[in-house]
K.L.:
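Let me begin by handing over the structure; questions about it come next.
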Amino acid sequence: MPENMKQAVVYQIYPKSFSSHRQQATGDLLGVVDRLDYLAWLGVDYLWLTPFYCSPQKDNGYDVSDYYRIDPAYGSMADFELLLAEARRRGIGIMLDIVVNHTSTEHAWFRQALKGRDNFYRDFYIWRDQPNNWQSKFGGSAWAFEPESGQYYLHLFDQTQADLNWENPQLRQAVFEMMRFWADKGVAGFRLDVINLISKDPAFSEDDSDGRHFYTDGPRVHEYLQQMHREVFAGRELLTVGEMSSTSLAHCIDYSRPERRELSMTFNFHHLKVDYPQGKKWQLGRFDFVGLKRIMSDWQQGMHAGGGWNALFWCNHDQPRVVSRFGDEGQYRQVSAKMLATALHGLQGTPYLYQGEEIAMANPAFQHIEELRDVESLNAYQQLLASGLDRTQAMAVIRQKSRDNSRTPMQWDSSRFAGFSQTQPWLRLADDAGYINVASALADPDSVLHHYRRLIALRKQYRVLADGDYHCLTPEHPSLWVYTRRSAAEMLLVISHFGAEAQSYRLPEGVIPEGWQAELLLSNYPAPAVGWQWQLRPWHSLLYRLTPP
Ligand code: GLC
């Protein structure tokens, strides 16, 4: 694992929507090269690029048809090598997205598998004579019938994303060989897509749920990751992060504890389900702020105590924009975005920031289903209609929940297509691109962008951000999240007000040791009066560093 991991910040790029060098409808790798100076200025250490391998794009590249080739829509291998070299020159590592729970049904392995039951590649996938009741995460049964052989294959995602059979040692070798190919090229890390789903319980049992208990953190997943570590990661300085679906704290400690030699860190999603009423994503719901703090606190303390390591994030390409979700996308967009940034970047773990988050991009307020492209959203819309909602009601849910909320083109400047391209982009731009964009944020020293840049710099400056423990002072408060981070020689105090109403707060006695000095490192308002009591303003955020006398 890399030396700098605990003080690093990762920036996530969705290449399709980042920047089009060739001035086309979709972004490309040279578009990323064009923006490297900006990313270096921001201070990020790694870029995680979502998949740009050959793909029929049913799930925007998470349906890989050739792991070794770059989809021509994104450029060439030479473009990728240029990106690696230019990024390295700026001290930035490139992380690849590895999608090995499934391949596209257009992958050569699957095509071979279709040739008959005794084909070598047949057993690279999961076949049954009868389906069970497992459900696809994109809706409907997780099994698709293949008429030629009369069997069903498993697909936990889209029907064109067939699950790989990790029980097969030759499949595992083929995956590791592919990962070594990219590691040998000089990539600095891997993000592993839904990696905790790769080990299915071989009994393929059913329960009254959707089957997830039989493949989430499945029976052999740790063994497979340890093998991946031996075969690919060992002897290399790679940052590895696993995307863990519906996982548990105990498993994430095991995935990321260095002694176990599995991964550097894990993503989990529990904190982003606090606005799912009864656990259901496709329903409108207010977010449970006390629940959010409880989850964040449990993971902060649990990972710290267990020796694991968290990947910290509010946003990614599968999530609505955080300022629309937990902040205020209207009048208080700028202050609430800064508050959210500080609340997250003050925690222990490695922060990930997703393109556009640093300029407070918000959900684009989709009006019509025709504006959307995402397979999951389109399926969900049909299911909402089938469940009895009318079009307006269904669209209200899609507008708040869709993954396309975060996939609109990056807003670089106020030109016609926001500097993303000179052609109409594949997914429509948000209407606010004229004033929410990188160029105007760069010019304003008080912007959200400059705030993020300071947070990233602070992580490198103060060791307590990496090492300090975590203690929440306001677990039940309806709008305040106040926490401390403490190491032997310094301490941080982070105050975040999730709301617009005026609010006063007094620090309880004894939190700050006698005689310690406070320095305000960052706030989204001018510095308040000195003392341990505050009159907080809308979406106020304060980050203090405390040191002994
Ligand atoms: C992950 C990706 C998501 C994709 C899914 C299936 O959750 O982040 O975009 O649809 O895996 O590969």
Side-chain angles (χ1 to χ4, degrees), residues 10-20 26-33 46-77 79-81 83-84 87 93-110 137-138 155-158 160-164 174-183 185 187-195 197-198 228 232 238-243 245 267 311 313 315-319 352 354-355 373-376 403-404 406-407 409-410 426-427:
V10 184
Y11 186 97
Q12 184 194 346
I13 290 181
Y14 199 67
K16 196 166 196 164
S17 300
F18 191 62
S19 187
S20 179
T26 55
D28 48 34
L29 294 177
L30 291 179
V32 180
V33 175
Y46 294 91
L47 305 178
W48 149 31
L49 276 71
T50 61
F52 47 77
Y53 318 98
C54 285
S55 159
Q57 299 286 323
K58 287 280 187 309
D59 187 22
N60 284 359
Y62 283 94
D63 46 327
V64 180
S65 58
D66 187 338
Y67 291 113
Y68 289 90
R69 284 178 43 228
I70 288 170
D71 196 306
Y74 291 111
S76 63
M77 191 59 89
D79 296 348
F80 179 68
E81 283 162 3
L83 171 62
L84 270 180
I94 300 290
M95 290 168 67
L96 287 199
D97 209 318
I98 298 290
V99 190
V100 287
N101 175 67
H102 44 264
T103 70
S104 165
T105 48
E106 292 187 20
H107 193 286
W109 296 342
F110 194 80
K137 293 187 185 275
F138 289 167
H155 62 90
L156 293 181
F157 294 89
D158 187 59
T160 64
Q161 293 166 298
D163 278 54
L164 288 166
V175 167
F176 301 148
E177 188 182 310
M178 175 275 286
M179 293 178 74
R180 283 191 297 262
F181 167 83
W182 290 105
K185 272 206 179 294
V187 306
F190 295 117
R191 177 264 190 189
L192 297 150
D193 190 60
V194 289
I195 200 68
L197 308 185
I198 57 176
M228 185 185 286
V232 186
L238 293 168
L239 190 150
T240 55
V241 54
E243 186 203 24
S245 168
F267 287 118
F313 70 109
C315 299
N316 69 25
H317 64 292
D318 295 329
Q319 300 291 330
Y352 285 64
Y354 175 69
Q355 64 183 52
R373 298 285 172 272
D374 169 32
V375 56
E376 186 200 34
R403 306 196 295 181
D404 277 343
S406 57
R407 298 177 180 183
M410 179 70 180
W426 69 283
L427 181 65

K.L.:
Under 4.5 Å between any side-chain heavy atoms of Ser55 and Val64, yes or no?
P.N.:
no
K.L.:
Return the minimal non-hydrogen interatomic distance between Leu197 and Ser245, and the atom names on each side.
P.N.:
CD2-CB, 4.0 Å
K.L.:
Looking at every heavy atom in both Gln12 and Asn316, which two are closest together, and how far apart are they?
P.N.:
OE1-CB, 3.2 Å
K.L.:
Determine the minimum heavy-atom distance between Gln57 and Asp63, stating which atoms define it.
P.N.:
N-OD2, 3.2 Å
K.L.:
Could you tell me whether Asp374 and Arg403 make a salt bridge, using a distance below 4.0 angstrom between a side-chain N and a carboxylate O?
P.N.:
yes
K.L.:
Look up atom CG in Leu164 and atom CG in Asn101, then write down how far apart they are to the nearest 0.5 Å.
P.N.:
7.0 Å
K.L.:
I need the Leu84 CG to Leu47 CG distance, nearest 0.5 Å.
P.N.:
10.5 Å
K.L.:
Minimum heavy-atom separation for Pro51 to Gly61, with atom names?
P.N.:
CB-O, 3.2 Å
K.L.:
Spell out, as yes or no, whether a donor-acceptor pair under 3.5 Å connects the side chain of Arg191 to the backbone of Trp48.
P.N.:
no
K.L.:
Using a strict 4.0 Å threshold on nitrogen-to-oxygen distance, state whether Lys16 and Asp71 make a salt bridge.
P.N.:
no
K.L.:
Is it true that atom CZ of Arg69 has more than 12 heavy atoms of other residues, nucleotides or ligands lying nearer than 6.0 Å?
P.N.:
no
K.L.:
Measure centre to centre between the rings of His155 and Phe138, then say whether the value is under 6.0 Å.
P.N.:
no
K.L.:
Are Asp318 and Arg407 close enough for a salt bridge, meaning some N to O gap below 4.0 Å?
P.N.:
yes
K.L.:
Could you check Val232, Thr240, Leu238, Leu96 and say which one makes a side-chain contact (heavy atoms from CB on, under 4.5 Å) with Met179?
P.N.:
Val232
K.L.:
Do Pro15 and Thr50 touch side chain to side chain, with heavy atoms closer than 4.5 Å?
P.N.:
yes
K.L.:
Working to the nearest 0.5 angstrom, can you tell me the gap between Ser104 OG and Asp59 CG?
P.N.:
10.5 Å
K.L.:
Between Tyr67 and Val175, is there a side-chain heavy-atom distance shorter than 4.5 Å?
P.N.:
no
K.L.:
Parallel, tilted or perpendicular: which describes the rings of Phe52 and Tyr74, with under 30° parallel and over 60° perpendicular?
P.N.:
perpendicular
K.L.:
Per the side-chain contact (heavy atoms from CB on, under 4.5 Å) rule, which among Phe313, Tyr11, Tyr46 passes with Tyr352?
P.N.:
Phe313
K.L.:
Looking only at heavy atoms, which two atoms of Met77 and Lys185 are closest? And how far apart?
P.N.:
SD-CE, 3.4 Å
K.L.:
Flag the pair Tyr68 / Glu177 as yes when at least one side-chain heavy-atom distance between them is below 4.5 Å, and no otherwise.
P.N.:
yes
K.L.:
Please round to the nearest 0.5 Å and tell me the distance separating atom CH2 of Trp182 and atom CD1 of Ile98.
P.N.:
8.5 Å
K.L.:
What is the minimum heavy-atom distance between Leu156 and Asp163, and which atoms define it?
P.N.:
N-OD1, 2.8 Å
K.L.:
From Leu83 CG over to Ile13 CD1, what is the distance, rounded to the nearest 0.5 angstrom?
P.N.:
7.5 Å
K.L.:
With distance as the sole test, does Glu243 use its side chain to make a donor-acceptor pair with the main-chain N or O of Val194 at under 3.5 Å?
P.N.:
yes
K.L.:
If we only count heavy atoms from C-beta on, is the Ser65 to Pro56 side-chain gap below 4.5 Å?
P.N.:
yes
K.L.:
Looking at side-chain heavy atoms only, is the closest gap between Asp404 and Arg373 below 4.5 Å?
P.N.:
yes
K.L.:
As a test of understanding, state which of Tyr354, Tyr14, Tyr62 forms a side chain to side chain donor-acceptor pair (under 3.5 Å) with His317.
P.N.:
Tyr62
K.L.:
Can you tell me which residue among Leu30, Ile94, Val32, Leu49 is in a side-chain contact (heavy atoms from CB on, under 4.5 Å) with Phe80?
P.N.:
Ile94
